[in-house]
Number of protein chains: 2
Amino acid sequence: MIDVRFPTALQMMLSLALAQTAGVERLSSAQLAEGIDSNPTFVRRLLVPLIQAGLVHSTMGRDGGVSLSTDAAMITLGDIYKATMGNKKLWTGRSDIPHRCLVSCNVERFFGNLADEVDESVLDLLSKRTLADALLELRTLDAARAQ
Amino acid sequence: MIDVRFPTALQMMLSLALAQTAGVERLSSAQLAEGIDSNPTFVRRLLVPLIQAGLVHSTMGRDGGVSLSTDAAMITLGDIYKATMGNKKLWTGRSDIPHRCLVSCNVERFFGNLADEVDESVLDLLSKRTLADALLELRTLDAARAQ
DNA sequence: TTGATATGCAATGATAAAAGATACATATTG
DNA sequence: CAATATGTATCTTTTATCATTGCATATCAA
C-alpha cells in the first residue's frame, strides 16, 4: 500500500492553519478525519509525532482537540515532513546482498549515501515553504479553479 | 512491500558497467540475478524498460545476455531512474478527497504540484552523475573498506 | 459527582503493491 | 536438433499500510 502519511499530515496541518485564521480554537480528530475521508484513529496516530515535535498542541477531555502551537508562518513543510516521517528514508535499497564483487560489496553503502543526498535535497525544498505560504497557494489555486 | 526496482536496476547497471571495463561481452539474467540475490524473471522484468530506453542491449538465444548500449560515461543515474520508474511519481497523495472547504478542494492539486517539484529536484541530482562516476565511487568505497 | 465526549493507545483484520515462482513460446548457436 | 538464452504471462507469497474495534484516561458542564 502507498504511504500517504505525509500528504495526509500536510492536509491536517493546512486545516489547522485555516482554522487558526478563521478564529476557530481547535479541531477534533473526528473533524479532521472527515476532512481527509478517514477515521479518527488514523488522525490521532498521525498527530502523535506532530505533537511531540511541538508543532501541534493537543487538549484532552470533552471539548478537546488540537491546534497549531504557533503561527503558520513559523512552521515549514520540512518540519511537518521530518516529524511525520521520522527516520524513514525516501529510498531503501536491497539488504543483505551477498558480497561477491566490487559492485555487490559496495552498492549498499553507495546507495545509502545517494539516498541521503536525495533526502537532504527534498528537505531543502520543503523547508523553504511555510504553512502560511502553502495556505496562500491554496487560495491562488482556488481562485484559478473558480474561473 | 517496498519498491526496490531502482536500487536493483542500479546495481545491475553497475554490474554491466564493471563487465564492460573488464572486457566481458555480456551477462545473462541468471548471472545478474545471482548478484542481487534474486531470480532471473525479476531481472528480465527490470531489463525491459532499460532496453526500451536504449540503455541496454539484449541478445537472445544461446550465449545470449545483456550489455550496456554505450559507454558508462554516457549514461546518467537519472536515465536509469526515468527508465525503470516510468511515470511513477515519488509521492502520491490521497485521492478522491471530498470537496468541502478551501483545503479539501485544493490540496490534491497543491500536493501534486509539490510532488512534481520534488521529482524534478531528485532527477536533477541523479542526472549529474554518470554510471562511470558511480563505478569510481564504488572503487573509492572499496578502498576505504579495505583499510 | 456524574454523564458526555474528547484524546491516547493497543490489538486485530483487511487491502493492495511488490516480488517470487513456475511455465512455456521463441530465438540463437554449435 | 540439442542446449540454452530471452520474452512474457500467470499465479502465489509476502508485507507495509490503513481501517476497525475496544477501552483506559482526561476534561468539562450540569
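Just so it is clear, the structure is predicted and the values come from calculations on it, not from any experiment. Sequence lines set the chain letters: A, B, ... in the order given, protein chains first and strands last, and positions in each chain run from 1. Side chains included, hydrogens not; waters and symmetry mates left out as well; all remaining heavy atoms used.
- Taking atom CG of L16(B) as the reference point, atom C1' of dT6(D) lies 15 Å away to the nearest angstrom.
- The distance from atom CG of L90(A) to atom C1' of dA16(D) is 16 Å, rounded to the nearest whole Å.
- Atom-to-atom, CG of L46(B) to P of dT6(D) comes out at 14 Å; the value is rounded to the nearest Å.
- The nearest pair of heavy atoms linking M12(A) to L47(A) is CE-CD2, 3.8 Å.
- Contacts classified as ring-ring contact (aromatic ring centres under 6.0 Å, His included) and involving residues 8-32 of chain B (residues at least two apart or in different chains) are not found.
- Counting heavy atoms from C-beta on, the side chains of E120(A) and L123(A) never come closer than 4.5 Å.
- For H57(A) and dG8(C), the NE2 to P distance is 10 Å, given to the nearest whole Å.
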Output a table of nitrogen or oxygen pairs between the protein and nucleotides 26-30 of chain C separated by less than 3.5 Å.
residue: dT28(C); atom: O2; partner: R62(B); partner atom: N; Å: 3.0

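- Cluster membership for V24(A) and V56(A), using ILVMFWY side-chain heavy atoms within less than 4.5 angstrom, is shared.
- Listed by chain and number, the residues in a salt bridge (charged side-chain N to carboxylate O under 4.0 Å, His left out) with R26(B) amount to none (sequence neighbours excluded).
- Applying the salt bridge (Lys or Arg N to Asp or Glu O under 4.0 Å) test to residues at least two apart or on different chains, the pairs with a partner in residues 124-138 of chain B are E117(A)-R129(B), R129(B)-E137(B).
- Remark: L136(B) pairs with no residue by the side-chain contact (heavy atoms from CB on, under 4.5 Å) rule, at least two apart or across chains.
- For the pair T130(A) and A72(A), the tightest heavy-atom approach, listed with the atom from each and the gap, is CB-O, 3.8 Å.
- A rotation axis mapping the C1' atoms of four pairs onto the next four is fitted at both ends of the helix from dT1(C)-dA30(D) to dG30(C)-dC1(D) over five pairs, and the angle between these axes is 10° to 10 degrees.
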Got a list of protein N/O to nucleotides 19-24 of chain C N/O distances below 3.5 Å?
residue: dA19(C); atom: OP1; partner: V4(B); partner atom: N; Å: 2.6
residue: dG20(C); atom: OP1; partner: R94(A); partner atom: NH2; Å: 3.4
residue: dG20(C); atom: OP2; partner: S38(B); partner atom: OG; Å: 2.8
residue: dG20(C); atom: N7; partner: R45(B); partner atom: NH2; Å: 3.3
residue: dT22(C); atom: O4; partner: T41(B); partner atom: OG1; Å: 2.9

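- Minimum heavy-atom separation, V107(B) to L138(A): N-CD2, 3.9 Å.
- Between the P atom of dT17(D) and the CZ atom of F6(A) lies a distance of 16 Å, rounded to the nearest Å.
- Listed by chain and residue number, L27(A), S28(A) satisfy the side-chain contact (heavy atoms from CB on, under 4.5 Å) test with Q31(A) (two or more places apart in sequence, or in another chain).
- Partners of T84(B) under the side-chain hydrogen bond (donor to acceptor under 3.5 Å, both in side chains) rule, at least two apart in sequence or in another chain, do not exist in this structure.
- Remark: R44(A) engages no residue in a salt bridge (charged side-chain N to carboxylate O under 4.0 Å, His left out) (not counting sequence neighbours).
- DNA chain C is contacted by S28(A), S29(A) of residues 20-33 of chain A, taking any non-hydrogen atom closer than 4.0 Å.
- For D37(A), the salt bridge (charged side-chain N to carboxylate O under 4.0 Å, His left out) criterion is met by no residue, not counting sequence neighbours.
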